2 protein chains.
Amino acid sequence: MTEEKVELLKGTLDMLILKVVALGPIHGYAIAQRIQQISRDFFRLQQGSLYPALHRLEDRAWLKAEWKSSETGREAKFYALTPKGRKQLEAEVKSWEQLTDAVALILRAAE
Amino acid sequence: MTEEKVELLKGTLDMLILKVVALGPIHGYAIAQRIQQISRDFFRLQQGSLYPALHRLEDRAWLKAEWKSSETGREAKFYALTPKGRKQLEAEVKSWEQLTDAVALILRAAE
DNA sequence: AGCGACACCTAGCACATCTACATATACGGC
DNA sequence: GCCGTATATGTAGATGTGCTAGGTGTCGCT
């Protein structure tokens, strides 16, 4: 069966979204596509994860939303990073690196 | 205040515990100490995370427990990896690496 | 007319981790 | 003999995040 189901680690999604939005204003649907594309199809972001996350990030004032028409000529909500969001992204990247370093220490530990 | 609170990513704890137990039979309390020590004090594993996790791993037959007397002469539950647990550890390490690689792709993505 | 891609959304579940508490023994210092 | 600290295990409840599974509507192609 090898049900190849890739789940995100809880806590990483915010960082990934912030990072993608940091590349330039972008609407929700496209964020999911970008993440999937950049990760070479590894992450497949579900809409039920995506939209609540976006609202969460907006509530925390890390993102700012604005309705504009998308490339295809439709109305879409474009998200941009706030200054606070930029700081948050930096902080999350830093603690992600610390955490992966610490995990690496343990995984490499020998008898 | 810079409340330096390090939280584990949900999903990593099992792997870390399996890895530490793989180094040799060890009791719960010592697992927490080892993880803290090897990670250079980065992870501070709380008892409320540790013991439920151990029971979970035992339920899934990845660990086997046995009461023995500890180094200090007290009764303690010593955990050892089962063959199933060893396979699980390998699988988790592999998917951890894939996941961190995928995250790295996104974090390094430029405009 | 129907279908897939685009674009948004929510309700409810699952589940892991944290905080906080509870229990008990061994050992050293006073 | 008593008290505090370290050792050792455990549970209850809250929190938060991501998932499944549903829903709405538009556009473009055949």
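Just so it is clear: chains get the letters A, B, ... in the order the sequence lines come, proteins before strands, and each one is counted from 1. Values in this document were obtained by computation on a predicted structure and should not be read as measured data.
Across all strands, A/G48 comes closer than 4.0 Å to base atoms (heavy-atom distances). Nucleic acid contact for A/G11: sugar-phosphate only, since backbone atoms but no base atoms lie under 4.0 Å from a heavy atom of the residue. Among the heavy atoms of the strands lying under 4.0 Å from B/T12 are primed sugar atoms or P, OP1, OP2 only; no base atom is included. When heavy atoms are screened at a 4.0 angstrom cut-off, B/L50 is found touching no nucleic acid atom at all. Contacts of A/T72 with the nucleic acid, taken as non-hydrogen atoms under 4.0 Å apart, involve only primed sugar atoms and P, OP1 or OP2.
Within residues 52-60 of chain A, the residues having any heavy atom under 4.0 Å from DNA chain D are, by residue number, A/R56, A/R60.
Every residue was checked against the salt bridge (Lys or Arg N to Asp or Glu O under 4.0 Å) condition with A/R86, not counting sequence neighbours, and none meets it. With sequence neighbours left out, B/E66 forms a side-chain contact (heavy atoms from CB on, under 4.5 Å) with B/K68. Residues meeting the side-chain contact (heavy atoms from CB on, under 4.5 Å) test with A/Q88, sequence neighbours left out: A/L18, A/W62, A/E92. Remark: B/A61 engages B/K84 in a side-chain contact (heavy atoms from CB on, under 4.5 Å) (not counting sequence neighbours). Residues passing the side-chain contact (heavy atoms from CB on, under 4.5 Å) test with B/T72, sequence neighbours excluded: B/S70, B/R74.
Taking 4.0 angstrom as the limit, B/K10 places none of its side-chain polar atoms (N or O) nearer than this to OP1 or OP2 of C/dA14. Distances shown here put a side-chain N or O of A/S70 below 4.0 Å from the OP1 or OP2 atom of C/dA7. In this structure, B/Y51 reaches the D/dT9 phosphate: one of its side-chain N or O atoms is under 4.0 Å from OP1 or OP2.
Hydrophobic clustering (side-chain heavy atoms under 4.5 Å, transitive across Ile, Leu, Val, Met, Phe, Trp, Tyr) groups B/I35 together with B/L9. At a threshold of 4.5 Å between side-chain heavy atoms, the hydrophobic network of Ile, Leu, Val, Met, Phe, Trp and Tyr places B/F78 and B/I17 in two separate groups.
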Donor-acceptor pairs under 3.5 Å, side chain of residues 42-54 of chain B to any protein atom, not counting sequence neighbours: which ones?
unit_1	atom_1	unit_2	atom_2	d
B/R44	NH2	B/D41	OD2	2.6
B/Q46	NE2	B/R44	O	2.9

Side-chain donor-acceptor distances from residues 100-109 of chain A under 3.5 Å, at least two apart:
unit_1	atom_1	unit_2	atom_2	d
A/T100	OG1	A/W96	O	3.0
A/T100	OG1	A/E97	O	3.0

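Around the NZ atom of B/K64, the shell of radius 6.0 Å holds no more than 12 heavy atoms that belong to other residues, nucleotides or ligands.
Rounded to whole Å, the distance from CD on A/Q46 to P on D/dG23 is 17 Å. Distance A/E75 CD to C/dC9 P: 13 Å, rounded to the nearest Å. At whole-Å resolution of the value, CD in A/E66 and C1' in C/dC8 are 17 Å apart. Following rounding to the nearest Å, A/Q36 (CD) and C/dA5 (P) show an atom-to-atom distance of 12 Å. Rounded to whole Å, the distance from CD1 on B/I35 to C1' on C/dT17 is 14 Å. In this entry the distance linking OH of B/Y29 with C1' of C/dA26 reads 12 Å, nearest Å. Rounded to whole Å, atom C1' of C/dA16 lies 15 Å from atom CG of A/L8. In this structure, the CZ atom of A/R44 is 17 Å from the C1' atom of D/dG18, given to the nearest Å.
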What does the list of N/O pairs under 3.5 Å between the protein and nucleotides 21-25 of chain C look like, with a distance for each?
unit_1	atom_1	unit_2	atom_2	d
C/dT25	O2	B/R74	NH1	2.6
C/dT25	O2	B/R74	NH2	3.3

